[in-house]
Every structure is written in structure tokens, then in C-alpha cells.
Number of protein chains: 2
Amino acid sequence: MREKDRPSQCCLLLEGWACRYRMLGDGKRQIFSFHIPGDIPDLQSLHLKVMDHSVCTMTAATVAFIPHEPLRKLTAAFPGVGAILWRETLVDGAIFREWMTGMGRRSATGSIAHLFCEMYVKLEAMGLARDHAYKLPPTQQDIGDALGLSNVHVNRVLRELRDNGLITLQNHKLQINDWAELSKLGGFDPTYLHLEKRDG
Amino acid sequence: MREKDRPSQCCLLLEGWACRYRMLGDGKRQIFSFHIPGDIPDLQSLHLKVMDHSVCTMTAATVAFIPHEPLRKLTAAFPGVGAILWRETLVDGAIFREWMTGMGRRSATGSIAHLFCEMYVKLEAMGLARDHAYKLPPTQQDIGDALGLSNVHVNRVLRELRDNGLITLQNHKLQINDWAELSKLGGFDPTYLHLEKRDG
DNA sequence: CGCCCCTTTGATATTAATCAAGAACTGTGG
DNA sequence: CCACAGTTCTTGATTAATATCAAAGGGGCG
């Protein structure tokens, strides 16, 4: 799905990773989010007809398409369902704010550490990771495009994190060896993910 | 309204400017958005019970408080109203993405130029500005905290924009002298604001 | 086996942060 | 109307972070 499209359906990611991004005039790319199974990356298209960015998969993936029309009827007939979906888009926005914080006010190291923590918590909540380890499909270039860094600099930060023993990263398999230290480095506080139902 | 609060009402800004932000452990601040009359800065609190950031006014301001309970009933009874409010929060997210793009992949100059264009279009749409001029309450420090720059650097960029004749800025009154050039500099494309109803 | 993409490393350049200090502005009370 | 205090703005000098350029290894896949 591309910028300027006017989709008539949403896609639910069942397997694999996807991301949202925009290409800039000078060939640069900004990635806005990484998505994992259970996410509906383009849920916003339900109420914003023109796409202001693009979506693509980052791995082999399985997706389910849900046409807008029945979805709109469903949310109208069952406000509770609508509220849950609305809430999803709000959490989406909260994650954007967190990434903004990283790009604006955190160091490259903190930013990357934060991303690794965030993805783990999201995956763990979906039952897709445990023991502080998971598969991380994005390339170093992808990570740079997400956090506003060059691929070279991402590479150097990763080596530093490895040298310090905080993480092990090989073949896109990430193992967080020192969660306490890594989350401290990134100033990671999962409140913004709003995962606990009781807390809203 | 502060981080960790659990508000029971939303506030509609009637007069003045407000902003949303978070303070970081080391005293740094990240501003997420500037708000103008007509905005409901904390609409998300309707479905996310815990605030993951703070809201404050930047000028003398008038606000109307709308309790959550009747608002929730309203959106349940009239799905059309709910859709409109939901849509507002989606545009909010689109603006976050645009700011991310600025911080990640645009130069400081481009980022600031983009912000000035964005605020003008928003104000103009509300009938609060015309002729490419408006009152801009944020200090240079505020602008820096919003775009991830130091106040000193913001000052230098502003001087450059002034020296080039692109803008006139005095006493928080901004006049954009060369809209075409400024919007080119910032790579500004208002699609993301989703202002035209026909376009969704 | 070979190719392409990704990773890694080094050298250099650029952007923007930090530190520091003085000037201009704002609001306040006398 | 003026003096004062606290911000905010401005400028210069220096430093730190990160980008860019370039080139050499690795690894997976057809």
C-alpha cells in the first residue's frame, strides 16, 4: 500500500513483520513503526481516506484483509468494539510520541536500546517472545531509517552494545543479556504501551 | 494535567495555545504538539486512562471541560460523532509522523520551516490567520524542545531564515514572506493534515 | 560458484550541542 | 514613569555527536 492510495480495506497482520514509512524527495526514508502479528497497521484508513504514508512487509508474511464497510457497520452497531479499535490507534499514537522523544532528546544508543525494549515487550505481550530474546528482522539500515540515524552509526552503536555485553545479536536474533541496564540506557518505561487492561 | 494522571474529562481549547510534552529523567523536555483553539489536546484520555505525558497552556487561555462519561455515551449513541472524534485523534497521529520525519530526516532548517508552514495551515483552517502571518507564542526554547534542537541552534536557524528574507519574526509575530520557498525548504505537503472533508 | 545485499571498519566532514556572557525584552512594584 | 528582576534572545568559541565517503569482508540464495 502506497502514499496517496485510497484503500477500501484494512489489513490484519497474522504472521511476519511489516513497517510504515514515507520516502522523501531526496531519497531519504523515514520509518514510522514496525508491526508484528496481531497489529492492524493501516487501521487509520478507516477514517482517513487518503494514505499519507506507505506500508510494506519486511519478511514473508500472512495478512487478512478486512473491508472497511462491514468494519464501519460493526463499530457503529457495537460501540464497545469501536472503542477497542479506537484505543488501538491511540496506542499507535503513543508509540509515535515515544519515538519522537527518542529522536529528539535521546542519544543514538538510548534510542536503539529503547527500540529493543519496546519490541520485546510488544512481542512478549503477544506470546511471541520470552526470556528477553526474539527475532529482529529489520536490517541496520531499517533501524537507522526508523530512528533517524545512518546505517554506519547504527552499526557502531550495536557493536558497542555487544562489546558491553548488554546484547547478543547475530543473524537477526537478538538476545538481551542485561534487561535492567538496557532499559535504563533507553529510559524505557512501558506505560505508554498501555498494555494492562485494568489501567486502560 | 500531568503524566500518570487519570483524568475524568477532556478539555477543549477555546482561546490561546497549549502543548503536550514529557520531561525526561535528565531534565530534558520533549514537546509533542502545539495546540490552537478548536483542538482537544487530551481527547485520547477518553480511551487511555493513564496519561503518558503532560499538557499545559503556553499563553493565557480559555478552556472548556467535557466530562468523559457523557462524551462516551454520545459517541455510543451517535456513531457519526464518534467517527469524527476518532478521526481527530488519527490526524493527531499523522502530525506526529510528520514531526518524526522532521526530526529523523530533515535538517534543522527544514524542520523549522516545516513547523511554521504547518501552524499556518492549521490556524488558517480555523480562520485564525491569513496573509501568511500569525502570532507564534512558543519561545525559541519551546521550538527546540519540540523539534529536538538546542535553543541556540534554533536561534541561529531563525536568524538565517530572516537574513534570507524568508520570514519576519518579531515579538512572537511571524510573517512568512516567501511561502513557496519556505514550504519547499521544509518539504511541506499538507496532505497529512487531512483538512479537506471530501478527501477524508 | 558467484552475486548481491548486508555488515563492518577507517578516515574525514558536517551538523548541532554545550558553555559562556552580554543585550534586549517583559512584567512588576514603587 | 522608572527601576529592577527574571526571562528570552543573541553571539562567539569550543566540543561532541553523527553523517558521509570509501572500501573491504561475510552470508545466504539461486
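Lettering of chains follows the sequences in order, A, B, ..., and the numbering in each one begins at 1.
- Between the CG atom of A:Asn171 and the P atom of C:dC5 there is a distance of 19 Å, given to the nearest Å.
- Atom CG of B:Asn155 is separated from atom P of C:dA24 by 14 Å (rounded to the nearest Å).
- Among the atoms of the strands shown, none is found under 4.0 Å from any heavy atom of A:Gly144.
- Residue B:Arg162 is classed as a sugar-phosphate contact, given heavy-atom separations below 4.0 Å to backbone atoms only.
- Between the CG atom of A:Asn151 and the P atom of D:dA22 there is a distance of 15 Å, given to the nearest Å.
- In this entry the distance linking CZ of A:Arg156 with C1' of C:dG10 reads 7 Å, nearest Å.
- Judged by distance alone, with hydrogens and angles left aside, the side-chain atoms of B:Arg97 form no donor-acceptor pair with the main-chain N or O of B:Asp92 at under 3.5 Å.
- Between B:His153 atom NE2 and D:dA13 atom P there is a gap of 18 Å when expressed in whole angstrom units.
- Side-chain proximity of B:Ser107 to the nucleotides D:dT18, C:dC19, C:dA16 is greatest for C:dA16.
- Contact annotation for B:Leu149: backbone-only contact, meaning every heavy-atom pair under 4.0 Å involves sugar-phosphate atoms and none involves a base.
- Contact check on A:Asp189 versus B:Arg22 returns no salt bridge, with no Lys/Arg side-chain nitrogen under 4.0 Å from an Asp/Glu carboxylate oxygen.
- For the pair A:Glu160 CD and C:dT7 P, the interatomic distance rounds to 18 Å; values are reported in whole Å.
- Distance A:Gln141 CD to D:dA19 P: 11 Å, rounded to the nearest Å.
- Between the side chains of B:Thr101 and A:Gln30, no donor-acceptor pair is found at a separation under 3.5 Å.
- A:Arg159 has no side-chain polar atom (N or O) that falls below the 4.0 Å cut-off from OP1 or OP2 of C:dT8.
- We find that NZ of B:Lys173 is positioned 15 Å from P of C:dC25, with the value rounded to whole Å.
- Using cut-offs of 30° and 60° for the angle between ring planes, the A:His114 and A:Phe188 rings count as perpendicular.
- Using a 4.0 Å heavy-atom distance criterion, A:Thr139 is classed as a sugar-phosphate-only contact.
- Proximity note for A:Ala108 (side chain, C-beta onward) versus D:dT20, C:dT7, D:dT18: the nearest is D:dT18.
- Salt bridge annotation for B:Asp42-B:Arg20: absent, with no cationic side-chain nitrogen under 4.0 angstrom from a carboxylate oxygen.
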